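Some notes on the structure that comes next.
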Amino acid sequence: MFFDPQLKALQGALKKALPHQPLVTFLDASADENQLLLLAGGDVEPGTYYVYDKRTRALEQVLPARPELANTVLAQVKAITFPAADGTPIPAYLTLPVGGATKTVGAIVLPHGGPGSRDEWGFDWLSQFLAARGFAVLQPNFRGSAGYGDAWFQKNGFQSWRTAVGDVNDGGRWLVQQGIAKADKLAVLGWSYGGYAALQSAALDPALFKAIVAIAPVTDLDRLREESRLFTNFMLVDAFIGHGAHVREGSPAQNAARIQAPVLLFHGDLDRNVAVGESRFMADQLRGAGRKVDYVEFKGLDHYLNDSEARTRMLAQTDGFLRTSLKIGQ
């Protein structure tokens with residue numbers, strides 16, 4: 001959303017000038033605001049940085065955001081809707097491997113973090129990696145997502161977890177119904193709240209997903225509450241999580257025995273968004289319930305795992321775990 005009508009008009013003009021990079025974001029400006037730094041990209045265009053001069057109307061390319069992908073054919077992202085169990089159309093983004101659904105080896109539901117967030121159309125490095133490895137990827141903006149109004153947000157994805165996670169599960173069922181994936185080749189993967197949703201999916205339907213990957217996940221709502229106990233936002237977090245039966249019922253670590261699928265967990269030990277203890281506790285609970293779990297902890301990294309070696313390891317292990325768990329190529 002633009003409050004400056006001139007910037008709004010300029011964005012529209014730049015989108016026409018860059019038809020293959022329709023997502024135009026203004027990042028910075030010179031002191032007199034005559035020169036603008038912008039990033040333009042799209043679903044199959046990771047992005048290019050440009051400098052635009054308002055006085056001369058000159059657009060100069062600075063550098064690509066991801067030069068390593070210059071010769072890589074990326075997968076297109078399509079906006080779709082799928083029906084929830086109650087008939088509500090759920091907006092989502094579907095990424096199929098290059099070549100289409102016939103080239104898929106399996107499918108992954110990829111719920112976003114937040115929950116007060118949403119996925120948007122464009123380049124996504126995680127879904128593009130999965131698509132490059134042959135997986136169809138569905139990113140649902142489940143009820144509990146932001147950007148669709150109060151009624152859609154409901155009480156948020158924790159207090160209204162049954163609806164939010166139910167929409168995630170319905171996305172998996174839709175992939176099977178559409179013939180995009182076989183029922184035994186269906187997985188769920190998420191980061192932060194998305195990791196929570198991935199784990200909690202088994203509380204609603206333990207048999208649906210055959211593999212679960214959770215990165216920096218919330219696993220216990222009372223633990224998440226206590227992590228804010230000595231901070232000024234405690235009352236907000238306390239009210240956001242709420243009190244009642246949904247706290248225990250909506251905590252994956254308290255329902256570990258219901259999880260049938262193998263689980264892969266990743267967490268950074270300096271995570272300030274979701275304490276690393278949540279994944280440690282989840283791994284212990286799963287092992288105690290006799291479930292299959294692999295846990296990888298990254299030393300010195302926070303919630304976002306912004307380290308090329310760590311992310312490379314995470315992606316490689318995720319790919320191997322999915323192929324083994326879903327028996328791909330076997």
Side-chain angles (χ1 to χ4, degrees), residues 92-93 108-120 124-127 129-130 137-147 153-161 163-165 167-169 171 187-203 209 211-228 231 233 236-237 240-242 247 250-254 259 263-283 293 295-298 300-307 310-311 313-315 317-318 321:
Y93 296 99
I108 299 169
V109 180
L110 181 62
H112 62 72
S117 181
R118 58 156 293 176
D119 276 316
E120 298 180 2
D124 181 285
W125 63 269
L126 184 52
S127 62
F129 169 80
L130 296 169
V137 182
L138 182 72
Q139 297 172 274
N141 280 321
F142 47 84
R143 283 170 287 186
S145 301
F153 189 70
Q154 299 197 359
K155 292 182 179 179
N156 72 57
F158 288 127
Q159 294 192 43
S160 301
W161 73 263
T163 300
V165 178
D167 290 348
V168 171
N169 285 4
V188 61
L189 183 157
W191 199 316
S192 195
Y193 177 87
Y196 162 84
L199 293 165
Q200 189 62 10
S201 66
F209 296 111
I212 299 170
V213 181
I215 307 163
V218 171
T219 69
D220 186 280
L221 298 187
D222 267 330
R223 281 176 176 256
L224 182 66
R225 187 199 322 273
E226 288 306 309
E227 288 165 24
S228 298
F231 292 85
N233 68 337
L236 292 174
V237 174
F240 188 78
I241 294 171
V247 174
S251 295
Q254 300 297 337
I259 297 178
V263 175
L264 175 60
L265 297 168
F266 295 99
H267 218 124
D269 69 344
L270 296 184
D271 194 327
R272 291 178 292 179
N273 297 59
V274 180
V276 67
E278 300 223 19
S279 280
R280 293 172 181 171
F281 183 50
M282 187 76 216
V293 58
Y295 173 47
V296 179
E297 186 168 303
F298 293 105
L301 294 182
D302 63 10
H303 191 66
Y304 304 99
L305 303 180
N306 280 325
D307 178 87
R311 287 192 173 184
R313 179 185 174 188
M314 179 187 74
L315 293 176
Q317 287 194 236
T318 295
F321 170 79

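Here the structure is a predicted model, which is why all the values come from computation and not from measurement.
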Show the numbers, then the answer: is there a side chain to side chain contact (heavy atoms under 4.5 Å, CB included) between I215 and L305? CA-CA 9 Å; I215 307 163; L305 303 180; 3.9 Å; yes
Mind listing the closest non-hydrogen atom pair of G171 and V109 along with its distance? C-CG2, 4.1 Å
Partners meeting salt bridge (Lys or Arg N to Asp or Glu O under 4.0 Å) with E120 (sequence neighbours left out): none
Under 4.5 Å between any side-chain heavy atoms of V213 and V188, yes or no? no
Would you check if L224 and T219 make a side-chain contact, meaning some heavy-atom pair closer than 4.5 Å? no
How many angstroms lie between atom OG of S127 and atom CG of D119, to the nearest 0.5 angstrom? 8.0 Å
Q200 and G250 have their tightest heavy-atom pair at NE2-CA, 3.3 Å
Residues that E297 engages under side chain to side chain donor-acceptor pair (under 3.5 Å), provided they are two or more places apart: R280, Y295, K299
Looking at S279 and V276, would you say the former's side chain and the latter's main chain have a donor-acceptor pair under 3.5 Å? no
So does R118 get a backbone contact from the side chain of N141, meaning a donor-acceptor N/O pair under 3.5 Å? no
Just by modelled atom types, is the F240 backbone N or O under 3.5 Å from a matching donor or acceptor in the N156 side chain? yes
When you compare the side chain of N169 with that of F209, does any pair of heavy atoms fall below 4.5 Å? yes
For the CG atom of L138 and the CG atom of L110, what is their distance to the nearest 0.5 Å? 9.0 Å
Any heavy-atom pair between the side chains of D222 and E226 that's under 4.5 Å? no
Side-chain contact test, heavy atoms from C-beta onward, threshold under 4.5 Å: evaluate it for R313 versus V296 and give yes or no. yes
So, using salt bridge (Lys or Arg N to Asp or Glu O under 4.0 Å) as the criterion, who are the partners of R223 when residues are at least two apart? none
Shortest non-hydrogen contact from S117 to G114? CB-CA, 4.2 Å
Specify the closest pair of heavy atoms between H112 and P140, including all atoms of both residues, with the distance to one decimal. CD2-O, 3.7 Å
Please list, chain by chain and in numerical order, all residues satisfying salt bridge (Lys or Arg N to Asp or Glu O under 4.0 Å) with D167, sequence neighbours excluded. R143
For a quick test of reading the model, state the closest non-hydrogen atom pair linking P111 to L189 and the distance between them. CD-O, 3.1 Å
Check: S160 main-chain N/O paired with Q154 side-chain donor or acceptor under 3.5 Å: no
By side-chain contact (heavy atoms from CB on, under 4.5 Å) - contacts of A214 (at least two apart): L199, P217, L265
Using the test side-chain contact (heavy atoms from CB on, under 4.5 Å), find all partners of Q254 that sit at least two apart in sequence or belong to another chain. D220, R248, S251, F281
Could you tell me whether the side chain of E278 and the main chain of V218 form a donor-acceptor pair under 3.5 Å? no
Check against side chain to side chain contact (heavy atoms under 4.5 Å, CB included), L315 and W125: CA-CA 11 Å; L315 293 176; W125 63 269; 3.9 Å; yes
Nearest non-hydrogen partners of A146 and G116, listed with the distance: CB-C, 3.8 Å
Could you pull out all residues at least two apart from S201 that satisfy side chain to side chain donor-acceptor pair (under 3.5 Å)? none
Please enumerate all residues that pass side chain to side chain donor-acceptor pair (under 3.5 Å) together with T318, with sequence neighbours excluded. none
Decide yes or no on side chain to side chain contact (heavy atoms under 4.5 Å, CB included) for D124 and Y93, but give the supporting numbers first. CA-CA 11 Å; D124 181 285; Y93 296 99; over 6 Å; no
Applying side-chain contact (heavy atoms from CB on, under 4.5 Å), can you list everything that pairs with A310, at least two apart in sequence or on another chain? F298, L301, D307
Taking side-chain hydrogen bond (donor to acceptor under 3.5 Å, both in side chains) as the cut-off, I'd like each qualifying pair that reaches into residues 189-198, sequence neighbours left out, listed once. S192-H303
Test of understanding: with salt bridge (Lys or Arg N to Asp or Glu O under 4.0 Å), list the residues that count as partners of D302, not counting sequence neighbours. none
Partners of N306 by side chain to side chain donor-acceptor pair (under 3.5 Å), sequence neighbours excluded? R311
